[in-house]
Protein chains: 2
Amino acid sequence: MNPLLKKNVPLPLYYQIEEYLKQKIEEEEFEAGRMIPSERELSERFEVSRMTVRQAVTNLVNAGVLYREKGKGTYVAEKKIEQPLKGLTSFTEDMKKRGMTSSSRLLAFDVIEAPRDIREKLNLEEGKKVYGIQRIRMADEKPMAIENTFMPKELLPDLSEEIVQGSIYNYVEHELGMAISQARQIIEARAADEEEANYLNIPPHSPVLHIERKSFLAHNVPFEVVKSTYRADRYKFITDIDR
Amino acid sequence: MNPLLKKNVPLPLYYQIEEYLKQKIEEEEFEAGRMIPSERELSERFEVSRMTVRQAVTNLVNAGVLYREKGKGTYVAEKKIEQPLKGLTSFTEDMKKRGMTSSSRLLAFDVIEAPRDIREKLNLEEGKKVYGIQRIRMADEKPMAIENTFMPKELLPDLSEEIVQGSIYNYVEHELGMAISQARQIIEARAADEEEANYLNIPPHSPVLHIERKSFLAHNVPFEVVKSTYRADRYKFITDIDR
DNA sequence: GTTTTCTAGTTGTCTATACCAGTATGATAT
DNA sequence: ATATCATACTGGTATAGACAACTAGAAAAC
């Protein structure tokens, strides 16, 4: 029996071939732009039919790991550019990816009646309470952003300052079992007002990057509105687009 | 011969089956959440082998149109929510979506030796030529942004002012048959310099939104670098995130 | 009535084969 | 030297069948 594949294991052969190919690419035995063995070659080597090899290769082509050229061969694709901000990242994760340490100073943790714009953005009725959390976010010990977070009290009845000091997203996803599925961000340039300039330790009227993020749970339930003001001299927003 | 498929036409059978299924879904003969005929049923109806039907269905599953449940059947997926600004949009499309008319004033259309930063971003060797295109972008007849586009001459040897006045993306995709697959954008806030303020008709040192976009063709071939400067009082950047 | 077993139907995996359609290369004819 | 052709590769499409894994419901056993 061919020792390359385990035929007594419940893993499909095509899946094992996928793993084999991915590993060889990882080990750079098959390099980007180089051809991998042909389908017929692989089918002989693994002692499986060519259709089985094709299933493995097709999956990797769909995943963007390989690409085929008719009459020529199948090649290893260039790695996709790294997705720094794909998905939702917390400030902490974001700074970590940028190679900076992050810390934060809690300025306010209140339960307030939702102001009108927040109420509308969170689809709340008049009089409903929200958490209003204000923090200074620091990167490498220096101020990076002011962050104002609003979340409906009814969705998180037991939110505390301690939890806020840790990872709110972690708490929501793992403790409460709610998944944040989508978000929309609106990004604009502004001039810092006196208060912002003061907190961020920059001259008044300096340009700042203002980001408003609205996050949704499953079924498009609004979950939070975060208004952030970043120092423009320290922060650039990066976003990748796949078509 | 089975009249449902044209066997004397160069279109693959699996492709014709895909089209058939998509049409039935479009016509709501197969509704969301409802089961489509089984693979065996389809293979009999079309008088093709089941593997051919599977190829069609697999493609639609990968495209998110259908989903399979082992032992039960194959179902029509719910339509995805429309992504307003997902994907790469041209200035024209962007303004259209925002309900504004767009126009543009060409300030420069040059072929120049690539400056160092552009050369590095486009992976070009020293001395290679690039198009340098400068435009004022107007929305509702008023200045909205300054746009500086750089594209390698070798990728588009026959680019002309006329093409630039139209849709470059259209030209690239449909005339040249190259597909733009990915892009990265870096967004930051700045204070407008004298020249920018002048072109955009805003006070000097006003905040502006600076967006640098780098687009890629297939296989991560860099295709263009666009540096845009938007009036912050008129433009907000919106981005949606799916997890 | 409740539980278990059977059965028919579904998708999942896999084989062995065939022929088509592009590509590259070397032999051959000009 | 330069075309042209033959050939031997590559991936693309398609067949007919087999058995496995899973689901739902009907039939049988209790």
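No hydrogens, no waters, no symmetry mates; every other heavy atom, side chains included, goes into these values. Order of the sequence lines fixes the chain letters, A, B, ..., with proteins taken first and strands second; residue numbering starts at 1 for each chain.
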Legend entry - D:dT15 OP1/OP2 closer than 4.0 Å to side-chain N/O of B:Arg50: no

Legend entry - side chain to side chain contact (heavy atoms under 4.5 Å, CB included) involving B:Glu69 - partner list, sequence neighbours excluded: B:Tyr67, B:Lys72, B:Tyr75

Legend entry - Partner set under side chain to side chain contact (heavy atoms under 4.5 Å, CB included) for A:Thr149, not counting sequence neighbours: A:Ile133, A:Arg135, A:Glu147, A:Met151, A:Glu224, A:Val226

Inset, instruction - Could you say whether A:Gln55 or B:Gly73 is positioned toward the 5' end of DNA chain C, judged by the nucleotide with the nearest heavy atom to each? - result: B:Gly73

Inset, instruction - Would you kindly give the CD-to-P distance between B:Glu39 and C:dC14, to the nearest whole Å? - result: 15 Å

Legend entry - Distance in angstrom units between A:Ile36 CD1 and D:dT10 C1', rounded: 12 Å

Inset, instruction - Looking only at non-hydrogen atoms, find the nearest pair between B:Pro222 and B:Pro152 and report the distance. - result: O-CG, 4.4 Å

Legend entry - Between D:dT13 (C1') and A:Met51 (CE): distance, integer Å: 8 Å

Inset, instruction - Can you sort out the partners of A:Glu19 under side chain to side chain contact (heavy atoms under 4.5 Å, CB included), two or more places apart, ordered by chain and number? - result: A:Tyr15, A:Lys22

Taking only nitrogen or oxygen atoms into account, show me every contact under 3.5 Å that the protein makes with nucleotides 22-24 of chain D, one pair per line with its distance.
unit_1: D:dT23; atom_1: O4'; unit_2: B:Gly71; atom_2: O; d: 3.4
unit_1: D:dA24; atom_1: OP1; unit_2: B:Lys72; atom_2: NZ; d: 3.3

Legend entry - Any B:Thr52 side-chain N or O less than 4.0 Å from OP1/OP2 of D:dT13: no

Legend entry - Atom-to-atom span, CG of A:Leu13 to P of D:dA21 - whole angstrom: 13 Å

Legend entry - Phosphate-side-chain proximity, B:Arg68 and C:dT10, N/O vs OP1/OP2 below 4.0 Å: no

Inset, instruction - Would you mind reading off the distance between B:Glu44 atom CD and C:dT10 atom P, rounded to a whole angstrom? - result: 9 Å

Legend entry - Nearest-Å distance for atom pair CG/P, residues A:Leu42 and D:dC9: 16 Å

Inset, instruction - Counting heavy atoms from C-beta on, name the nucleotide in C:dC14, D:dT15, D:dG11 closest to the side chain of B:Ser49. - result: D:dT15

Legend entry - side chain to side chain contact (heavy atoms under 4.5 Å, CB included) partners of A:Lys70, counting only residues at least two apart: none

Inset, instruction - Give a yes/no on whether any side-chain N or O of B:Ser38 is located under 4.0 angstrom from OP1 or OP2 of C:dT10. - result: yes

Inset, instruction - Mind calculating the distance between OH (A:Tyr67) and C1' (D:dT10) to the nearest angstrom? - result: 14 Å

Inset, instruction - Check every atom of D:dA14, D:dG12, D:dT15 against the side chain of B:Pro12 and return the nucleotide holding the closest atom. - result: D:dA14

Legend entry - Nearest-angstrom distance from the residue atom CZ of B:Phe46 to C1' of D:dT13: 17 Å

Inset, instruction - Confirm from the modelled atom types if A:Arg40 and D:dG11 form a donor-acceptor pair under 3.5 Å, side chain to base only. - result: yes

Inset, instruction - Tell me which nucleotide among D:dG12, D:dT10, C:dA16 gets nearest to the side chain of A:Arg54. - result: D:dG12

Could you list the donor-acceptor pairs under 3.5 angstrom formed between side-chain atoms of residues 108-127 of chain B and any protein atom two or more places apart in sequence or on another chain?
unit_1: B:Asp117; atom_1: OD2; unit_2: B:Lys227; atom_2: NZ; d: 2.8
unit_1: B:Lys121; atom_1: NZ; unit_2: B:Glu212; atom_2: OE1; d: 3.4
unit_1: B:Lys121; atom_1: NZ; unit_2: B:Glu212; atom_2: OE2; d: 3.1

Legend entry - B:Lys153, NZ: over 12 other non-hydrogen atoms inside 6.0 angstrom: yes

